[in-house]
Structures are given as structure tokens and as C-alpha cells.
Amino acid sequence: ETEEAPVPRVAVVVCLIKGKRVLLGRRRSSLGDSTFSFPGGHLEFGEGFEECAAREVKEETGLGIKNIELMTVRNNVFLDEAKPCQYVGIFMRAVLADDDQVPQNVEPNFCDGWDWYEWDALPKPLFWPLENAIMAGFNPFHT
Ligand code: 8DG
Ligand code: MG
Ligand code: MG
């Protein structure tokens with residue numbers, strides 16, 4: 001069996017803010033199963049960061065977003081996985097295009113469902129790249 005050598009990939013993750021709360025979902029994935037993470041996914045060829053952010057949020061939650069801004073970049077290496085991988089995580093911040101929208105669990109095979117959580121009372125356990133980012137000072141409410 002031949003396996004491709006692993007290469008770093010780009011992921012765009014979106015911290016969607018509603019008042020003092022952020023949107024998180026519990027992952028159903030070999031990577032970070034049962035942990036809470038932001039919506040997001042792989043950057044596609046030719047895509048801009050804002051475009052990717054809007055597409056992934058729409059695909060995963062059905063929500064439309066606006067005011068999409070770059071917050072920070074993180075380098076996450078997953079060496080302990082069966083298939084080691086590396087993601088350059090582009091952390092974006094955004095708000096709902098229309099405040100009345102309710103998140104839908106569009107991809108139930110990959111997520112238990114989406115909910116809003118106060119920044120000071122985030123659910124546990126967080127997906128470790130997110131936990132690490134927060135430990136390093138990531139805070140979407142500090143500009
Ligand atoms: P796609 O097929 O829709 O493009 O990808 P996906 O299935 O939605 O991928 P994902 O696992 O949700 O996101 C891609 C990678 O991004 C993930 O495996 C690791 C990295 N990543 C982080 N932090 C976060 C985060 O907070 N949320 C999400 N969703 N991904 C993150 O490093
Ligand atoms: Mg995803
Ligand atoms: Mg996705």
C-alpha cells in the first residue's frame with residue numbers, strides 16, 4: 001500500500017460572536033472526537049479566508065455571517081494521530097448577518113449540534129488547538 005507523505009494544510013476556523021457568546025459544536029471526527037470547536041474547515045484552492053469562513057459556516061450551521069476579520073494564525077501539529085497531520089489554523093471572527101438566525105446541525109455525522117456559550121463559561125473539553133490558542137491569549141472580545 002502506498003501512502004502520500006503528509007503535508008501541512010490550511011484550515012479556516014470561525015469564532016462567531018453573538019453578544020457575549022460564541023458558537024461551538026461538539027465534534028464527531030477522528031480528530032478531536034467529543035471536544036468542542038468552532039465551525040471551520042479546509043481552505044479550498046483559489047479561496048480567500050473570508051470566503052472560506054462564510055462557506056464553512058454556511059455548510060456546517062446554515063448561518064450567514066458578516067464583518068469577517070482575521071484574528072490570528074496558529075500552527076497545529078497532530079503527531080499522535082493514526083494519520084499524523086498538520087494544520088495552519090487561520091482564526092477569523094465574525095457576527096451573524098441577521099441576528100434572528102438559529103444554527104442548524106447541517107452535518108450531524110460530524111457534529112452533535114451547535115450552541116452559544118459565554119466566553120467565561122466555555123464547555124469542556126475544548127478541541128486542543130482551541131484550548132492552546134486561548135492559553136496563548138486568543139480572545140475574540142479583545143481587539
Ligand atoms: P471540510 O471537509 O469541510 O473542508 O473540513 P472539515 O471536516 O469541516 O474540517 P474540520 O476538522 O472541521 O477543520 C479542519 C481542521 O482545522 C481540523 O481538523 C483542525 C483545524 N482546526 C484547528 N482549530 C479548529 C477549530 O476550532 N475548529 C475547527 N473546525 N477546526 C479547527 O486547528
Ligand atoms: Mg468543520
Ligand atoms: Mg466543513
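The figures here come from the full heavy-atom set of this structure, side chains too, leaving out hydrogens, waters and symmetry mates. Note that ligands are numbered from 1 as they come in the structure, with each ligand's atoms numbered from 1 the same way.
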Could you tell me whether the side chain of Glu60 reaches within less than 4.5 Å of the side chain of Trp114, counting heavy atoms only?
yes

Please list the nearest protein heavy atom to atom 32 (O) of ligand 1 with its residue and the distance rounded to 0.1 Å.
Asn76 OD1, 3.1 Å

Between Arg55 and Glu51 (salt bridge meaning N to carboxylate O under 4.0 Å), is one present in this structure?
no

heavy-atom search around atom 8 (O) of ligand 1 in the protein gives Glu60 OE2, 2.7 Å

Within 45° cone of Phe138 ring axis and under 6.0 Å: Arg74 NZ or CZ:
no

Can you report which non-hydrogen protein atom sits closest to atom 24 (C) of ligand 1, along with the distance?
Val13 CG1, 3.2 Å

Report whether Leu130 and Val73 are members of the same hydrophobic cluster (ILVMFWY, side-chain heavy atoms less than 4.5 Å apart, transitive linking).
no

To the nearest 0.5 Å, atom NE2 of His142 lies from atom CH2 of Trp119 at 9.5 Å

Please determine whether residues Leu23 and Phe49 belong to a single hydrophobic cluster, defined as Ile, Leu, Val, Met, Phe, Trp and Tyr linked transitively by side-chain heavy-atom distances below 4.5 Å.
yes

If you count the atoms of ligand 1 from 1 in the order shown, which ones are under 4.0 Å from a heavy atom of Ser37?
25 (C), 26 (O), 27 (N), 28 (C), 29 (N)

Applying a 4.0 Å heavy-atom criterion (strictly less than), which segment of Phe127 is in contact with ligand 1: side chain, backbone, both, or neither?
side chain

If I apply the N/O under 3.5 Å rule, does Leu130 come out as touching ligand 1?
no

What side-chain hydrogen bond (donor to acceptor under 3.5 Å, both in side chains) pairs are there with at least one residue in residues 103-112, not counting sequence neighbours?
Arg28-Asp112

Ligand 1 versus Glu44: contacting region, heavy-atom distance under 4.0 Å
neither

If we check side-chain contact (heavy atoms from CB on, under 4.5 Å) with Leu16, which of these qualifies: Leu63, Leu24, Val22?
Leu63

Between Phe78 and Tyr87, what is the ring plane arrangement, given parallel below 30°, perpendicular above 60°, and tilted in between?
perpendicular

Under 2.8 Å from the Mg ion (ligand 2), the protein N, O or S atoms found are Gly40 O, Glu60 OE2

State whether any protein heavy atom lies less than 4.0 Å from atom 12 (O) of ligand 1.
yes

Among all protein heavy atoms in this structure, tell me which lies nearest to atom 2 (O) of ligand 1, with the distance rounded to 0.1 Å.
His42 ND1, 3.7 Å

Can you sort out the partners of Tyr117 under ring pair (Phe, Tyr, Trp, His ring centres under 6.0 Å), two or more places apart, ordered by chain and number?
Phe36

Identify the protein heavy atom lying closest to atom 29 (N) of ligand 1, giving its residue, its atom name and the separation to 0.1 Å.
Phe38 O, 2.9 Å

Straight-line distance of Glu50 CD to Asn67 CG, nearest 0.5 Å:
11.5 Å

Proximity of Arg27 to ligand 1 by residue part, where a heavy atom lies under 4.0 Å
side chain

Under a heavy-atom criterion of less than 4.0 Å, does Phe110 contact ligand 1?
no

Starting from Phe141, can I reach Leu126 by hopping between I/L/V/M/F/W/Y residues whose side chains sit under 4.5 Å apart?
yes

Atom indices of ligand 1 within 4.0 angstrom of Glu56 heavy atoms, with elements:
1 (P), 3 (O), 4 (O), 8 (O)

Specify the protein heavy atom at minimum distance from atom 16 (O) of ligand 1: its residue, its atom name, and the distance to 0.1 Å.
Ala11 CB, 2.9 Å

Could you pull out all residues at least two apart from Gln86 that satisfy side-chain hydrogen bond (donor to acceptor under 3.5 Å, both in side chains)?
Asn75

Distance from atom 18 (O) of ligand 1 to nearest protein heavy atom, with residue and atom
Leu31 CD2, 3.2 Å

Looking at Gln101 and Gly64, would you say the former's side chain and the latter's main chain have a donor-acceptor pair under 3.5 Å?
yes

So which protein heavy atom does atom 22 (C) of ligand 1 come closest to, and at what separation?
Pro129 CB, 3.7 Å

